[in-house]
Engineer: 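Pasting a structure here, questions to come.
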Amino acid sequence: MSKDYLVFFNKKSKKGFNLMAIIPTKVSPEQIKDTLKAYGNDLQLLIQMVGNSPKEIRITEDMEINTNLTIPSNIHLIIREGSRVFVNENTIVNGRITSYSSETPIFNIASGKTLTLNGPFTADLNRIFNGLGTALFPSTQHNVKEVYPQWWGTSNNIHTAAISSALGSLINGGRLIFTKQVFNTSGILINTNKTHIVIEQDAEIKIIGKTGDPYYLISVLASDVSISGVGVLNGNRDNLEDPNWSCHIIRIVADGKSIDNITVKDISIKDAPSYTGGGGFSRGDGIYISKQGNSAYTISNVRISNCKISNCGRNGISVIHCDSGLIISGNNIIGAKQCGIDIEPSMLNKHIVEGALVTGNTIDCQSLGGRGIDAGGEACSFTDNIIKNPVSAGIFLPEHDSKSNNISGNSIIRSGKYGIWVPIKNYGSHLITNNIVNIAGRSGIYIQKGWNIVTNNIVKDAGTILGNLQDIQTATSANPCVITLNNHGLSVGDRVRLSGFSHADWKAKLNGVVSAISIVNDNQFSLTSIDTSGLPAFSGRGRIESVKGGSQNIGIQIVDQKKNIEALSRSNPMILTWTNHPFSEFVDEDPDDVRKFYVQFTGIK
């Protein structure tokens with residue numbers, strides 16, 4: 001397709017001709033002058049003159065849009081900073097044009113009027129659209145539009161209106177791109193299908209004002225939506241004017257319609273503000289997924305992957321309802337105050353989560369959050385997750401809200417109470433297998449209710465409570481090894497857990513070891529029965545933490561609710577009368593499959 005040049009002017013000034021546009025085609029200076037006389041500065045007439053062949057128009061003057069105007073798909077509009085130019089009448093020949101000025105042309109769109117841009121559009125990141133009218137970028141299957149908030153400008157460094165206008169321009173969906181700068185907003189609402197938010201590196205979207213109920217930084221109320229990139233979504237928790245205000249960073253809710261196919265990936269989410277008045281937490285999730293009330297609307301196929309979520313006031317990720325297709329994978333969640341990943345449908349309110357996959361996530365509760373994962377829902381899989389430093393449980397299966405879940409291949413480190421906890425009012429029927437619990441204050445796996453399969457799990461140092469980590473000053477290459485730690489505060493009979501040794505030989509010998517100690521003085525203690533005489537001189541770093549308890553060593557503890565029995569027979573064997581006892585559920589067709597059940601009798605007088 002031909003793309004030669006046509007130069008188009010709107011009027012003559014003292015400096016020469018004010019250049020309005022450059023259009024590819026071949027014309028003579030006489031034709032240019034005739035064009036000038038015929039069309040003036042009317043962009044609509046210029047479009048008619050171009051016809052249907054592909055052309056590029058370089059806008060060099062402010063355009064007044066006082067009627068509805070559609071730019072056809074064959075015209076590529078180009079607006080560049082500094083493209084307002086003047087040319088001398090004698091320098092047009094052979095395409096040589098003298099130009100100057102550094103301003104960017106603007107479309108001034110009158111109130112109630114619409115500028116529709118069907119073709120390609122290229123512009124610098126400056127304000128392009130002004131006025132009370134509307135600019136629209138209709139996307140098609142083969143021409144997905146990209147827009148930038150900067151094209152709509154800012155007001156006192158607040159970008160809410162510009163972002164809203166940019167989203168509104170993508171009437172058939174498209175990409176809204178946030179580039180390297182901070183965008184301040186009081187909330188972003190996505191309610192158009194096929195909308196894709198791209199947050200580029202070093203870009204940050206920060207909440208600076210209050211949104212009304214339902215309280216969010218980004219709210220998704222549409223299908224086929226993605227939020228991606230390596231930029232930051234900032235809840236600005238520590239700098240809000242009202243410390244009692246709270247919100248979710250990303251809110252994905254079926255509210256007024258069903259939604260499907262939502263992707264959140266690769267972004268950083270931080271500092272979701274929560275309100276803690278009246279006990280408990282109000283909002284404050286990095287990502288919140290649900291439906292509104294008991295409506296018949298559905299939400300499905302939500303995928304959250306490879307995100308970094310930190311310092312949230314409540315949960316890193318919270319799921320109250322998702323009908324199908326929920327995948328949470330490969331995320332790194334740090335320091336959520338309540339729970340790293342909370343899958344907790346309210347079954348009493350007809351909220352469900354079925355068949356979810358939660359896998360390959362790393363959660364560090366930093367001894368702030370009570371639980372690593374609330375593993376609710378039905379027929380869900382929680383696999384291959386790494387959970388560190390929860391206060392109460394690494395994985396908790398919520399009361400009333402979890403049934404027939406797969407808990408396998410997870411690694412839980414330093415839990416304050418339990419590695420895996422199935423409470424009394426749980427439906428049970430879970431598969432709990434191939435998990436590793438390394439240090440738990442009470443039990444590695446604690447099951448209070450339900451018939452579950454518990455197999456091939458490894459529990460180390462259950463019943464162990466750890467003190468604070470402390471960096472040592474030095475250690476001797478001797479038998480026994482003597483540790484120097486000023487004012488260590490340890491006592492006779494204490495034990496220590498060794499970690500963080502950086503030298504390769506010391507790391508291989510000591511990291512993860514729990515040792516009894518002997519007190520040398522206030523600044524030194526020896527590691528009983530640990531010989532380091534074969535190691536090179538200590539260098540680098542090493543850490544210890546005191547270990548309390550451990551005598552119970554409750555690796556796996558399975559109990560059930562106490563039941564009142566009706567009668568005991570005076571016979572051999574003794575017959576116990578217990579209405580609706582559960583043991584019949586385990587009758588097997590194979591007579592060689594012998595299963596034994598144990599009950600403990602209490603309260604007999």
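FYI, side chains are in, hydrogens and waters are out, and symmetry mates aren't considered; it's all heavy atoms of this structure.
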Engineer: Under a 3.5 Å cutoff, is there a donor and acceptor pairing between the side chains of D224 and N193?
Structural biologist: no
Engineer: With respect to I289, which candidate in I320, L326, V253 satisfies the side chain to side chain contact (heavy atoms under 4.5 Å, CB included) definition?
Structural biologist: L326
Engineer: Walk me through whether C380 and V353 qualify under side chain to side chain contact (heavy atoms under 4.5 Å, CB included).
Structural biologist: CA-CA 8 Å; C380 299; V353 177; 4.2 Å; yes
Engineer: Does NZ or CZ of R251 come closer than 6.0 Å to the centre of the six-membered ring of Y216, within 45° of the ring's axis?
Structural biologist: no
Engineer: For S329 and T359: C-alpha separation, side-chain torsions, deciding distance, then whether side chain to side chain donor-acceptor pair (under 3.5 Å) applies.
Structural biologist: CA-CA 5 Å; S329 64; T359 185; over 6 Å; no
Engineer: Is there a donor-acceptor pair under 3.5 Å between the side chain of W152 and the backbone N or O of S164?
Structural biologist: no
Engineer: So, S324 and S300: side-chain donor and acceptor under 3.5 Å apart, yes or no?
Structural biologist: no
Engineer: Any side-chain donor-acceptor pair under 3.5 Å between H196 and S228?
Structural biologist: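 Looking only at side-chain atoms, S228 and H196 do not form any donor-acceptor pair under 3.5 Å.
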Engineer: Under a 3.5 Å distance rule, please check whether T192 uses its side chain to pair with a backbone N or O of G173 as donor and acceptor.
Structural biologist: no
Engineer: What I want to check is whether the side chains of S258 and T298 have a donor and an acceptor closer together than 3.5 Å.
Structural biologist: yes
Engineer: Can a donor-acceptor pair be found between the side chains of S268 and E204 at a distance below 3.5 Å?
Structural biologist: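 No, E204 and S268 have no side-chain donor paired with an acceptor closer than 3.5 Å.
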Engineer: So, does N331 use its side chain to make a donor-acceptor pair with the main chain of N306 at under 3.5 Å?
Structural biologist: yes
Engineer: For the pair N261 (side chain) and S223 (backbone), establish whether a donor and an acceptor sit closer than 3.5 Å, ignoring hydrogens and angles.
Structural biologist: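 Judged by distance alone, no pair lies under 3.5 Å.
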Engineer: Are the side chain of N126 and the backbone of D124 linked by a donor-acceptor contact shorter than 3.5 Å?
Structural biologist: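 Here the side-chain-to-backbone pair does not exist.
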Engineer: Run the numbers on I333 and N361 for side chain to side chain contact (heavy atoms under 4.5 Å, CB included), then give the verdict.
Structural biologist: CA-CA 8 Å; I333 301 173; N361 302 283; 5.5 Å; no
Engineer: Between V264 and C307, does the side chain to side chain contact (heavy atoms under 4.5 Å, CB included) criterion hold? Intermediate values first, please.
Structural biologist: CA-CA 8 Å; V264 181; C307 295; 3.9 Å; yes
Engineer: Under the ring pair (Phe, Tyr, Trp, His ring centres under 6.0 Å) definition, can you give me all pairs with a residue in residues 287-313, not counting sequence neighbours?
Structural biologist: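 As it turns out, the ring pair (Phe, Tyr, Trp, His ring centres under 6.0 Å) pairs with a partner in residues 287-313, which skip direct neighbours, are H248-Y288.
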Engineer: I'd like to know if the side chain of S295 and the backbone of Q292 have a donor-acceptor N/O pair within less than 3.5 Å.
Structural biologist: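 Checking the backbone N and O of Q292 against the side chain of S295, a donor-acceptor pair under 3.5 Å is found.
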Engineer: Checking the side chain of K145 only, and the main-chain atoms of L117 only, is there a donor and an acceptor separated by less than 3.5 Å?
Structural biologist: yes
Engineer: How long is the straight-line distance from CZ of F121 back to CD1 of I79, given to the nearest 0.5 Å?
Structural biologist: 4.0 Å
Engineer: Between S139 and N172, is there a donor-acceptor pair closer than 3.5 Å when you use the side chain of the first and the backbone of the second?
Structural biologist: no
Engineer: Would you tell me whether R314 and S274 have side-chain atoms, one donor and one acceptor, within less than 3.5 Å of each other?
Structural biologist: no
Engineer: Taking N405 for the side chain and A379 for the main chain, is one N or O donor matched with an acceptor at less than 3.5 Å?
Structural biologist: yes
Engineer: Side chain to side chain contact (heavy atoms under 4.5 Å, CB included) with I250: which of I317, I287, D285?
Structural biologist: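 Running side chain to side chain contact (heavy atoms under 4.5 Å, CB included) over I317, I287, D285 with I250 returns exactly one hit, I287.
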